[in-house]
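First the proteins, then the strands, lettered A, B, ... as listed; each starts at 1.
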Amino acid sequence: MPLKIYNSLTRQKEVFEPINAPYVGMYVCGPTVSGESHLGHARPFITFDVVYRYLLHKGYKVRYVRNITDAGHFEEEGKVAEDKIATKAILEKLEPMELVQKYTNLYHWAMTQFNNLPPSIEPTATGHIVEQIEMIKKIMADGYAYESNGSVYFDVVKYNDDYSKKNQPYGILSGRNIEEQLDTTRDLENQEEKKNKVDFALWKKAPIEHIMRWQSPWGEGFPGWHIECSAMATKYLGKQFDLHGGGMDLQFPHHECEIAQSTVCNHQMPARYWMHNNMITINGRKMGKSYNNVIKLSELFEGNHAELTQAYAPMTVRFFILQSQYRGTLDFSNEALQASEKALRRFMEGYEWLQAQSFSNDTVSKDEALATQLTTWVKELELFMDDDINTAKVVANLFEILPSINSLKDKHIAQDAVAGSVWNLVQTQLKVFVESILGLKVDKGANRQQLNGVVELLIEIRKQAKANKDFATSDKIRNQLAAMGIQLKDEKDGSMSYSF
RNA sequence: GGUCCUGUGGCCGAGUGGCUAGGCAGAGCUCUGCAAAAGCUUCUACAGCGGUUCGAAUCCGCUCGGGACCUCCA
């Protein structure tokens, strides 16, 4: 089965065919490091991490480029246009690059917590000013951009007129048409500098108070809102690459502008497949800066926020996100996170037990129906991933398989009910999908060796107490450990296990 | 105002024409010194109205509700 993905550009699921298989070029819009990442940001990074992992699983050689926006974007703050990062730097009395470094570090820390693989290249906007200026010059030379008062704007109307004839009008990705845009776009400052209301900035003249500024053919300034992604994607992935990802809220104007800029420069649609993840909502609303309803990742991990009744482990959050399909909205609630936490713990206990077993390939299934069912569930995992990365269905199948694993463990089903070869298949495939593709791992506390020793000792004492029918002592040990968050379980074979 | 998406059981969330999604919570049972865990069983659904169809949560229309984008936003 080939991999199919939903292409926002064509609004349908398409078979994924790389331009130069087995090589795949993939670009994902990264964070603006002017603040700390929040739960909403986690979704694209986890979603596209899974896409990346799955492409690798499929045998592709992937170059995954995810940028860091550290130049700050143009922002309307009162009447004065200022660089977002520069503005905050003044407030916090920090150097802009110190601020950038601080939030970049926090972002990397969060990515590690989520067990996201690092991208192949993580370029920064400030590191590619030259490339951006060159690209702007090229667009101007082709007549699709003009200078006005030290700033450079992209001529959207001219682009639309010319490229509509080539079946690539402005708005091709977002489904907007420019006539409506011209009527409905709100008034922004510097409108008088632009030929058309819909034109967007490629280069902005820096006001005096602006800290981040670079020399350019048009005077001192800073790059516009969208040019960095076009410049860096072109540099590292070529004029046309396979996959472009990002949040749905970037579809317009960011990705639309990227398409226009890159198409003028490179004479082709920059990416063939555009994937957009949907938003995480909270109380039915998109989580976003504009709504003042964000939960930062550090708050989430520490439980330090008014909306949170407890802390949630990074893996819980990852699992929560993977339990839904990436194209639908996902509603945050404590109840939902708690459900994910419990489900993940239950699954991982069974999963870890299974991974510790070894099975002989020589045995034959006594329960053919169950063996067939298990095999089917396992084989479906790949089909579900092939169908537009449907992690929700993958997770559902993991929970179809889990009761059989626990039944084997608790001897509810016989050791020889299912052939060893089938269990081997379940074991190896689960490892592939759970760890390599979904990127889930067991949250193990660092260096618990001493603690483990203590717990083992208490278990020994409790065993003796139980053997002597001294239930007062055995219950005391169990209850007090439980109060400290350590669960003891009496297993069927008389042994005891524990989990944190 | 324009463009588009969406409404599934207590909560989260799959599913796009006929087949139990799944998780969490609730109930019962098994196991068990008790408990927990686990297993088994089980109750709550497809916003409303109309249409198409042998058959619709799934397609079409209308009504009502929610949301996103149009401005930096994952």
| request: Go through the structure and list residues passing salt bridge (charged side-chain N to carboxylate O under 4.0 Å, His left out) with A:Glu14, not counting sequence neighbours. | output: none

| query | Among residues 374-386 of chain A, which contact RNA chain B at a heavy-atom distance under 4.0 Å? | reply | none

| request: Classify every nucleotide of nucleotides 7-13 of chain B by which part a protein heavy atom approaches to under 4.0 Å, writing B for the base, S for the sugar-phosphate alone and - for neither, in 5'-to-3' order. | output: ---BSSS

| task | Check salt bridge (charged side-chain N to carboxylate O under 4.0 Å, His left out) between A:Lys4 and all other residues, then give those that pass, not counting sequence neighbours. | result | none

| Is the distance from OP1 or OP2 of B:A68 to the nearest side-chain N or O of A:Arg285 less than 4.0 Å? | yes

| message | For B:C24, does the base pair up with any side-chain atom of A:Arg345 as donor and acceptor (N or O, under 3.5 Å, distance only)? | response | no

| Who passes ring pair (Phe, Tyr, Trp, His ring centres under 6.0 Å) against A:Phe320, sequence neighbours left out? | none

| field | Other residues, nucleotides, ligands: >12 heavy atoms within 6.0 Å of A:Gln415 CD | value | no

| request: State which residues pass ring pair (Phe, Tyr, Trp, His ring centres under 6.0 Å) with A:Trp353; sequence neighbours excluded, sorted by chain then number. | output: none

| query | Can you name the residues that form a salt bridge (charged side-chain N to carboxylate O under 4.0 Å, His left out) with A:Lys286, not counting sequence neighbours? | reply | A:Asp249

| Residues two or more places apart in sequence or in another chain: which of them pass salt bridge (charged side-chain N to carboxylate O under 4.0 Å, His left out) with A:Asp388? | A:Arg327

| field | Partner residues of A:Thr126 under the side chain to side chain donor-acceptor pair (under 3.5 Å) criterion, sequence neighbours left out | value | A:Asp70

Polar pairs (N or O, both sides) under 3.5 Å between protein and nucleotides 39-43 of chain B?
from, atom 1, to, atom 2, distance (Å)
B:G39, OP1, A:Asn406, ND2, 3.2
B:G39, OP2, A:Arg346, NH1, 3.3
B:G39, O4', A:His412, ND1, 3.3

| message | Is there a side-chain contact between A:Lys286 and the phosphate of B:C69, meaning an N or O under 4.0 Å from OP1 or OP2? | response | yes

| task | Any ring pair (Phe, Tyr, Trp, His ring centres under 6.0 Å) involving residues 371-411 of chain A? Give me the pairs, sequence neighbours left out, ordered by first then second residue. | result | A:Phe347-A:Phe399

| said: Under the rule for side chain to side chain contact (heavy atoms under 4.5 Å, CB included), what residues qualify as partners of A:Gln323, not counting sequence neighbours? | reply: A:Phe319, A:Ser340, A:Val395

